[in-house]
Enquirer: 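For reference, the structure I am asking about is given below.
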Amino acid sequence: MENLAKERITALRTLLKKEGIDFYIVPTADYHNSEYVGDYFKVRSFLSGFTGSAGTLIVSENEAGLWTDGRYFVQAQAQLEGSGIVLYKMEEEGVPTILEYLEKNVKEGQTVGFDGSVVDAAFGRKLEKQFLLSYDKDVADAIWRDRPPIPATKVWVVSDRICGMSVSQKLALVREKLDAEGAGHLILSKLDDIMWLYNIRANDVEHNPVALSYTFISKESAVLFIQKEALTEETRQYFSDNHILVKEYSELTQYLEHCEIKGTIWYSGEDINYLLYKLIEKRGALTDQENPTTLLKAVKTPAELEQIRNYYLQDSAVLTKFLFWMKNNVGREPMDEFLAAKKLDAMRAEIEGFLDLSFETISAYQKNAAMAHYSASEETASKIASEGLYLVDSGGQYTGATTDVTRTIALGSITDEMKLHFTKVACAMLRLAETKFLYGCTGRNLDIMAREPLWQCGLDYKHGTGHGIGYILNVHEGPHSLRWKYKPNRKETVFEEGMIISDEPGMYVADSHGIRTENILEVVKEQKNGYGQFMGFRHLTYVPIDLDAIDTKYMEASDIEKLNAYHKAVYEKLSPYFEGAQLEQLKQATRAI
């Protein structure tokens with residue numbers, strides 16, 4: 001991979017010189033600024049050899065640099081070795097941001113280039129204020145001779161019963177938001193927002209049930225731009241019945257150039273691409289705000305919550321049985337990270353209503369777990385033995401939920417440091433889950449509830465504590481999240497009843513071990529009194545926390561109470577799914593300590 005990366009960067013430099021581009025930016029995105037993208041859009045991976053889901057490559061005549069976040073530091077260091085690409089660890093002390101790097105290195109008269117169809121409008125607008133730009137070419141396409149095709153999978157409809165809200169109801173809510181903002185039109189590019197709005201799904205991005213599409217909405221019409229080969233007679237009729245005009249995906253530009261515009265156009269600069277922004281900029285007044293669909297989608301309907309609670313229980317039971325299998329069989333039969341992941345994937349697929357994984361299962365043993373988003377292949381998987389820690393982060397797509405859960409277990413003897421880290425992470429997860437707070441709090445108010453047990457020991461983890469989760473959609477969903485760090489331009493979202501959020505503190509020690517304990521929580525209302533409306537969380541995940549890795553000397557009495565109460569609930573919720581020896585093992589795994 002390292003020789004290929006060198007070769008490809010050299011070839012890119014030759015093309016950039018011909019195009020008169022001095023610095024070329026290659027992000028990780030598709031035409032819709034998606035977090036996870038189809039193979040056609042993995043240009044940054046193709047050029048650099050770094051396969052993580054987040055990263056930006058910048059290539060100039062004299063240097064190539066890659067920026068990524070703390071989830072991928074260890075992985076990126078390994079995959080970039082020998083490539084000549086410098087790793088820039090985002091948000092580390094002394095590491096410049098991408099803009100700071102460009103400000104320092106781009107000389108007067110030099111050109112910054114990028115493919116404007118895969119760079120979001122918000123970033124593009126920052127660049128245009130400071131630099132000469134070239135943004136109308138995908139320069140790297142000429143190098144990628146065996147590039148995969150743009151995906152186009154068949155669209156299917158999610159019933160109103162499962163969603164709890166019809167397309168007409170959702171469009172009415174969106175139009176209410178347009179009226180409230182005094183906007184005449186809304187352009188949506190965010191794929192999961194479009195899927196939610198029209199109650200449709202597809203498989204254009206692996207494990208993310210979305211279809212490449214755009215939609216343009218006014219008070220009178222809703223136009224969906226989607227690849228015609230993705231449609232069936234059933235979906236065509238569905239769109240017709242719901243008064244949705246369907247046009248070819250590639251016709252968006254022509255339509256926007258000629259359609260009648262009444263009033264301002266609402267768009268989200270973080271979601272639409274820069275080329276699209278430059279087009280609508282010519283059509284009239286714009287208002288740049290978060291999509292109204294994003295918050296509407298995040299608050300689950302009662303029908304969705306009913307399905308979610310049911311599937312999370314079934315999903316929890318399967319993961320628990322898998323962890324018992326690991327405990328019972330490690331050292332007795334050949335086992336490696338890849339085979340363990342395939343075992344869990346097969347068990348999860350037996351749940352009625354299973355559609356797909358919600359992301360590639362992270363199955364990581366010992367030091368590999370220090371890479372927060374490690375991926376084991378059949379060729380590179382480490383053997384698993386009856387010692388040390390094993391981490392598995394996994395989830396499923398079902399006909400009524402998207403799940404996500406992480407557990408770390410001891411497979412034999414572990415060090416005292418590992419027990420300290422494991423115990424503090426378990427306490428962190430449970431403390432946040434048991435937090436009561438006044439309505440109006442955002443994730444930045446609450447994140448410290450998870451980090452405090454670790455911060456007291458001078459420890460931390462370099463990722464957010466929590467993210468929203470889609471409904472038969474993307475496993476990562478905004479706008480709410482749990483993060484501690486203040487950033488002037490980062491939007492904060494109040495936690496609303498009906499949202500769901502992950503609670504996943506961790507600890508990672510390079511070349512030693514990684515620990516993460518993740519539950520998914522439902523945001524609920526607690527009591528209301530003269531002080532205001534109190535809010536809280538309810539567990540959706542019910543999987544034992546491995547008592548073999550817990551040391552009570554690192555716990556306060558209240559932490560022990562929380563763990564015992566959680567395990568009592570786990571036994572009550574899961575026992576109907578177990579019998580015989582497995583039921584006894586569940587009883588032992590959830591015993592009071």
Side-chain angles (χ1 to χ4, degrees), residues 5-34 37 40-48 50 54-68 84-86 88 96-145 147 150 187 189 214 250 252-254 256-257 267-283 286 288:
K6 272 187 173 180
E7 180 184 317
R8 290 166 180 172
I9 295 294
T10 299
L12 179 64
R13 285 185 172 124
T14 300
L15 292 174
L16 294 177
K17 195 166 186 177
K18 289 180 182 177
E19 296 289 343
I21 296 172
D22 301 287
F23 290 80
Y24 192 66
I25 304 170
V26 186
T28 307
D30 56 15
Y31 302 149
H32 308 271
N33 199 31
S34 303
V37 300
Y40 175 86
F41 298 100
K42 294 181 179 179
V43 181
R44 186 263 301 153
S45 295
F46 170 79
L47 290 172
S48 70
F50 169 60
T56 299
L57 176 69
I58 297 183
V59 178
S60 65
E61 183 179 3
N62 300 314
E63 185 184 54
L66 185 129
W67 280 253
T68 192
I85 299 171
V86 177
Y88 288 88
T97 65
I98 291 169
L99 274 177
E100 287 168 347
Y101 174 87
L102 292 172
E103 287 165 355
K104 180 181 178 181
N105 290 283
V106 178
K107 304 294 188 291
E108 187 175 350
Q110 289 188 317
T111 298
V112 174
F114 53 86
D115 175 4
S117 64
V118 295
V119 165
D120 66 85
F123 185 54
R125 291 182 69 188
K126 289 178 183 177
L127 293 173
E128 71 181 13
K129 292 176 182 177
Q130 301 184 60
F131 308 109
L132 296 171
L133 299 183
S134 171
Y135 57 86
D136 59 351
K137 294 185 183 71
D138 178 3
V139 179
D141 184 64
I143 303 169
W144 198 352
R145 293 185 178 87
R147 188 170 187 171
I150 293 178
I187 185 164
S189 172
Y214 300 94
S250 59
L252 174 71
T253 298
Q254 183 181 12
L256 291 176
E257 285 175 339
Y267 78 102
S268 168
E270 294 183 353
D271 297 312
I272 75 165
N273 66 59
Y274 185 67
L275 273 178
L276 185 52
Y277 163 76
K278 297 302 283 186
L279 172 60
I280 63 173
E281 183 186 36
K282 299 172 185 175
R283 293 306 323 270
L286 306 179
D288 181 1

Enquirer: How many angstroms lie between CZ in Arg13 and CG in Leu16, if you round to the nearest 0.5 Å?
Expert: 9.0 Å
Enquirer: Ring centroids only, cut at 6.0 angstrom: are Phe114 and Phe123 within range, meaning strictly under it?
Expert: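 Between Phe114 and Phe123, the centre distance exceeds or equals 6.0 Å.
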Enquirer: Rounded to the nearest 0.5 Å, how far does CD of Glu61 lie from OG1 of Thr14?
Expert: 10.5 Å
Enquirer: Step through the shown structure and confirm whether more than 12 heavy atoms of other residues, nucleotides or ligands are within 6.0 Å of CD on Gln110.
Expert: yes
Enquirer: List for me each residue that meets ring-ring contact (aromatic ring centres under 6.0 Å, His included) alongside Tyr31, sequence neighbours excluded, and say none if there are none.
Expert: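 Expected list: Phe41.
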Enquirer: Among all residues two or more places apart in sequence or in another chain, which pass the salt bridge (Lys or Arg N to Asp or Glu O under 4.0 Å) test with Glu257?
Expert: none
Enquirer: Mind listing the closest non-hydrogen atom pair of Val119 and Pro27 along with its distance?
Expert: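 Between these two residues, the closest heavy atoms are CG2-CG, 3.9 Å.
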Enquirer: Donor-acceptor pair, distance only, cut-off 3.5 Å: does the side chain of Thr28 make one with the backbone of Gly55?
Expert: yes
Enquirer: Nearest 0.5 angstrom please: Leu286 CG to Ile280 CD1, how far?
Expert: 5.0 Å
Enquirer: On a heavy-atom basis, which atom in Leu276 and which in Leu252 lie closest, and how many Å separate them?
Expert: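 Between these two residues, the closest heavy atoms are CD1-CD2, 3.8 Å.
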Enquirer: Give a yes or no on whether the backbone of Leu256 and the side-chain of Arg283 come within a donor-acceptor separation of less than 3.5 Å.
Expert: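 Checked: pair present.
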Enquirer: Taking atom OG1 of Thr253 and atom CG of Leu275, what is their separation to the nearest 0.5 Å?
Expert: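 Taking OG1 in Thr253 and CG in Leu275, the distance rounds to 8.0 Å.
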Enquirer: Run the side chain to side chain contact (heavy atoms under 4.5 Å, CB included) test on Val26 and Val59 for me, step by step, so that the C-alpha distance in whole Å, both residues' side-chain angles and the decisive distance to 0.1 Å come before the verdict.
Expert: CA-CA 8 Å; Val26 186; Val59 178; 5.5 Å; no
Enquirer: Quick one: ring-ring contact (aromatic ring centres under 6.0 Å, His included) partners of Tyr24, sequence neighbours excluded?
Expert: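 With sequence neighbours excluded, Tyr24 shows a ring-ring contact (aromatic ring centres under 6.0 Å, His included) to no residue whatsoever.
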Enquirer: Tell me, please, which residues at least two apart from Ser60 pass side chain to side chain donor-acceptor pair (under 3.5 Å).
Expert: none
Enquirer: Which atoms form the tightest heavy-atom contact between Ser48 and Ala5, and what is the distance?
Expert: O-CB, 3.5 Å
Enquirer: Residues in side-chain contact (heavy atoms from CB on, under 4.5 Å) with Asp141, at least two apart?
Expert: Asp138, Arg147
Enquirer: Just verifying a value: how many Å separate Ile85 CD1 and Lys6 NZ, rounded to the nearest 0.5 Å?
Expert: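 Atom-to-atom, Ile85:CD1 and Lys6:NZ are 10.5 Å apart.
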Enquirer: Might you point out which heavy atoms bring Leu127 and Leu102 nearest each other, and give the distance in Å?
Expert: CD2-CD1, 3.8 Å
Enquirer: If I compare all heavy atoms of Asp271 with all of Ser189, which pair ends up nearest, and what's the gap?
Expert: O-OG, 3.7 Å
Enquirer: Please, which pairs that meet salt bridge (charged side-chain N to carboxylate O under 4.0 Å, His left out) have at least one residue in residues 96-114, sequence neighbours excluded?
Expert: none
Enquirer: Search all heavy atoms of Ile9 against all heavy atoms of Leu57 and return the closest pair with its distance.
Expert: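 Residues Ile9 and Leu57, closest heavy atoms: CD1-CD2, 4.0 Å.
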Enquirer: Please name all residues satisfying ring-ring contact (aromatic ring centres under 6.0 Å, His included) with Phe131, sequence neighbours left out, ordered by chain then number.
Expert: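 Not a single residue meets the ring-ring contact (aromatic ring centres under 6.0 Å, His included) criterion with Phe131.
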Enquirer: Check step by step if side chain to side chain contact (heavy atoms under 4.5 Å, CB included) holds for Val106 and Asp22.
Expert: CA-CA 8 Å; Val106 178; Asp22 301 287; over 6 Å; no
Enquirer: Could you check whether any side-chain heavy atom of Glu128 comes within less than 4.5 Å of a side-chain heavy atom of Tyr274, counting everything from C-beta outward?
Expert: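 The answer is yes, as the side chains (C-beta and beyond) meet within the 4.5 Å cut-off.
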Enquirer: Can you name the side chain to side chain donor-acceptor pair (under 3.5 Å) partners of Tyr214, sequence neighbours left out?
Expert: none
Enquirer: If we ignore hydrogens and angles and just use 3.5 Å, is the side chain of Trp67 paired with the main-chain N or O of Pro96 as donor and acceptor?
Expert: yes
Enquirer: Could I get the full list of side chain to side chain donor-acceptor pair (under 3.5 Å) partners for Asn33, not counting sequence neighbours?
Expert: none
Enquirer: Fit a plane to each ring of Tyr267 and Tyr277, take the angle between them on a 0 to 90° scale, and name the class: parallel (under 30°), tilted (30 to 60°) or perpendicular (over 60°).
Expert: tilted
Enquirer: So, using side-chain contact (heavy atoms from CB on, under 4.5 Å) as the criterion, who are the partners of Leu132 when residues are at least two apart?
Expert: Thr111
Enquirer: Measure the shortest side-chain to side-chain distance between Thr56 and Arg44 over non-hydrogen atoms and say whether it is less than 4.5 angstrom.
Expert: no
Enquirer: Ion pair present between Glu281 and Arg125, side-chain N to carboxylate O less than 4.0 angstrom?
Expert: no
Enquirer: Any side-chain heavy atom of Asn105 sitting closer than 4.5 Å to one from Ile58?
Expert: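 SC-SC contact between Asn105 and Ile58 ruled out.
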Enquirer: Under the side-chain contact (heavy atoms from CB on, under 4.5 Å) rule, collect the residues that match up with Thr68, sequence neighbours excluded.
Expert: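 With neighbours one apart ignored, the set is Phe50, Leu66, Tyr72, Phe73, Ala76, Leu87.
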Enquirer: Under the rule for side-chain contact (heavy atoms from CB on, under 4.5 Å), what residues qualify as partners of Ser34, not counting sequence neighbours?
Expert: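 For Ser34 the side-chain contact (heavy atoms from CB on, under 4.5 Å) partners, ignoring immediate neighbours, are Asp30, His32, Val37, Leu191.
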